[in-house]
Protein chains: 2
Amino acid sequence: MAWDTDATQRKLLLAGARQFAAAGFAGARIEAIGADAGVNKERIYRYFGDKRAFFAAVLGHELAGLLDGLDVTGTGAEAIGDFVAQLLDRCERHPELPRLLLWESLELDAAVAIEQRRPVCAHKVDGILTALPALDRGRAEHLLFSLIALAVGWCELGNLGSAVVGGTMEWETRRATVVAHARALATGMTEEAEASEASGSPRSAAPAPPAGTATHPPLAAEESRS
Amino acid sequence: MAWDTDATQRKLLLAGARQFAAAGFAGARIEAIGADAGVNKERIYRYFGDKRAFFAAVLGHELAGLLDGLDVTGTGAEAIGDFVAQLLDRCERHPELPRLLLWESLELDAAVAIEQRRPVCAHKVDGILTALPALDRGRAEHLLFSLIALAVGWCELGNLGSAVVGGTMEWETRRATVVAHARALATGMTEEAEASEASGSPRSAAPAPPAGTATHPPLAAEESRS
DNA sequence: AACATCTGCAACCGTTCGTTTGGAGTTCGG
DNA sequence: CCGAACTCCAAACGAACGGTTGCAGATGTT
């Protein structure tokens, strides 16, 4: 039979995504990845180096496309809701993605493949800016970050969920809730941006604290738990 | 010298919190925990059983108090912003907390110490309900969940952040942003709840999808990435 | 066809990890 | 003051892990 080293590498990357998503870098076993891929584990070392390098390769391969193909189409808060709905659906269909994203932040010092990921994110920020023209770029970036945090949180913080809400939650309920929250966030941020624009404060990279109450002092009198 | 077994256990729990927060369950080393605590690692087995049981003990000890002492005081969206500000400050002062929360969801099947944590969460939900009387209990629970997801995400998803926003972010900027987002979420959800109330739909545990556009179909035509 | 080169695999190696054990010191009731 | 029960530790143990090696078969080039 002819050899297909690319297929072997792909099988390893896919099995790596499954195993690393399930157990993280420290918890995943090279042996198990090889077995999952139906390939001898030695291949990992020849193709990717060592375990860390392979982990980075898997993360790059999967996470670079987290937002790929998703788009902010239309205008207004509905556009933001639709975008988050797409993101949620992708997270449900590929549950490894949000988990890998979390493992990356927890187990790695720096993000992998930023060169590929940054322009994708920037493109989503552009979409947000056209959907919500009242926002400046800084605010749009922060909004994108919060939207991803919401989607990932609602997909993967199941244990926290069982402490906050009573029983388990249907997927449709969760989906509708996150979309509603995303829209609420979009409308709220638009209003806040317009208000801060109208108040004449010079637009800066860092959005000024909202006008509601005075800026929050760091709460000197907090008990120093445990 | 007199023995102080309680102090020994406390030292182990504290060192365990540090080590597990840094490396997770699979990544943390019993040896390192013992060394960090200045105690022989064998103590862990006599006091807590095995590594898993010790992990659960550490999580219970730390996470039960994640929201302890935090309160939703006042009314309106500002109250929600203040609450999130408190939560953020706690996360900054105790960086193990958000990390342990994430490890718990990633590495454990079920939440630890739900019996203690649920009433604490319910109390925060009560606070949200008095601050935003337009919300029903389901919506308030979901809001609390999203607020925690936002706070934890902004504290611990640093790698994602470097892909979304350009350089690093000052803590004060982050704090102001999350508080603004929390307020925006609160006002947006209030409006959404009032609208759905006015539209005469019977209030149900699961909030009805917002009225903006039709409910989102699961997007049949999505490419099936990799 | 001969040669070097590459793929794929089973077995192996040295280390590290979680867990246990044996024993020396300490406390406390009677 | 005796002895059972407990605290603490150094050392050891067996399993599991990341990584390597040696070899048999396949490929491509000349």
Side-chain angles (χ1 to χ4, degrees), chain A residues 1-61 100 103-104 106-109 112, chain B residues 1-62 99-100 103-104 106-109 112:
Chain A
M1 200 218 311
W3 278 330
D4 191 345
T5 83
D6 285 358
T8 304
Q9 296 192 28
R10 268 197 308 275
K11 282 193 282 185
L12 282 173
L13 284 172
L14 227 60
R18 281 189 294 266
Q19 299 289 322
F20 282 132
F25 171 74
R29 300 295 161 226
I30 292 279
E31 182 91 37
I33 294 170
D36 186 351
V39 165
N40 193 279
K41 65 180 178 178
E42 175 261 358
R43 291 287 89 193
I44 294 172
Y45 295 97
R46 196 159 296 253
Y47 288 143
F48 302 100
D50 61 357
K51 193 187 183 187
R52 286 209 81 84
F54 180 56
F55 185 52
V58 169
L59 286 181
H61 188 252
L100 288 175
W103 292 117
E104 183 203 26
L106 285 173
E107 299 194 290
L108 249 49
D109 290 334
V112 301
Chain B
M1 201 220 307
W3 277 329
D4 191 346
T5 87
D6 285 358
T8 304
Q9 297 193 25
R10 268 198 307 276
K11 282 193 281 185
L12 282 173
L13 284 172
L14 226 61
R18 281 190 294 266
Q19 299 289 324
F20 282 132
F25 172 74
R29 300 296 159 222
I30 292 281
E31 180 91 37
I33 295 171
D36 186 350
V39 165
N40 192 278
K41 61 182 176 178
E42 175 263 358
R43 290 289 87 197
I44 294 172
Y45 295 95
R46 193 154 299 248
Y47 289 144
F48 302 99
D50 61 356
K51 193 188 182 186
R52 286 210 82 84
F54 180 55
F55 185 51
V58 168
L59 286 180
H61 189 253
E62 296 288 323
R99 290 182 67 91
L100 288 175
W103 292 118
E104 183 204 26
L106 285 173
E107 300 195 291
L108 250 47
D109 290 333
V112 301

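Throughout, protein chains are lettered first and strands after them, A, B, ... in sequence-line order, and every chain is numbered starting at 1.
What separates CD of B/Glu31 from C1' of C/dT19 is a distance of 12 Å, to the nearest Å. Whole-Å rounding puts the B/Arg29 CZ to D/dC17 P distance at 11 Å. Distance A/Glu42 CD to D/dG22 P: 13 Å, rounded to the nearest Å. Atom pair A/Arg52:CZ and D/dG19:P shows a separation of 10 Å (rounding to whole Å applied). Going from atom CZ of B/Phe54 over to atom C1' of C/dT19 covers 15 Å, rounded to whole Å. Following rounding to the nearest Å, A/Ile30 (CD1) and C/dT15 (C1') show an atom-to-atom distance of 16 Å. Counting to the nearest Å, the P atom of C/dG18 and the CZ atom of B/Phe48 are 16 Å from each other. Across the protein-nucleic acid pair, B/Asn40 atom CG and C/dG18 atom P stand 14 Å apart, rounded to whole Å.
Remark on DNA chain D: of its neighbouring residues B/Gly38 and B/Lys41, the 5'-side contact belongs to B/Gly38, judged by nearest-heavy-atom nucleotide.
Counting non-hydrogen atoms under 4.0 angstrom, A/Tyr47 reaches the backbone sugars and phosphates but no base. Using a 4.0 Å heavy-atom distance criterion, A/Ala26 is classed as making no nucleic acid contact.
The side-chain heavy atoms of A/Trp103 and A/Leu59, taken from C-beta on, include no pair separated by under 4.5 Å. With a 4.5 Å cut-off on side-chain heavy atoms, A/Ile30 and A/Tyr45 count as touching. No side-chain heavy atom of B/Val112 sits under 4.5 Å from any side-chain heavy atom of B/Phe55. Considering only heavy atoms from C-beta on, B/Arg52 comes within 4.5 Å of B/Leu108 through its side chain.
Side-chain N/O atoms of A/Tyr45 include none lying less than 4.0 angstrom from OP1 or OP2 on D/dT21. Taking 4.0 angstrom as the limit, A/Thr5 places none of its side-chain polar atoms (N or O) nearer than this to OP1 or OP2 of C/dC6. Residue A/Arg46 places no side-chain N or O under 4.0 Å from the OP1 or OP2 atom of C/dT7.
With rounding to the nearest 0.5 angstrom, the CD1 atom of B/Ile44 is 11.5 Å from the OG1 atom of B/Thr8.
Of the candidates D/dG18, D/dG19, D/dC8, the closest approach to any side-chain atom of B/Arg43 belongs to D/dC8.
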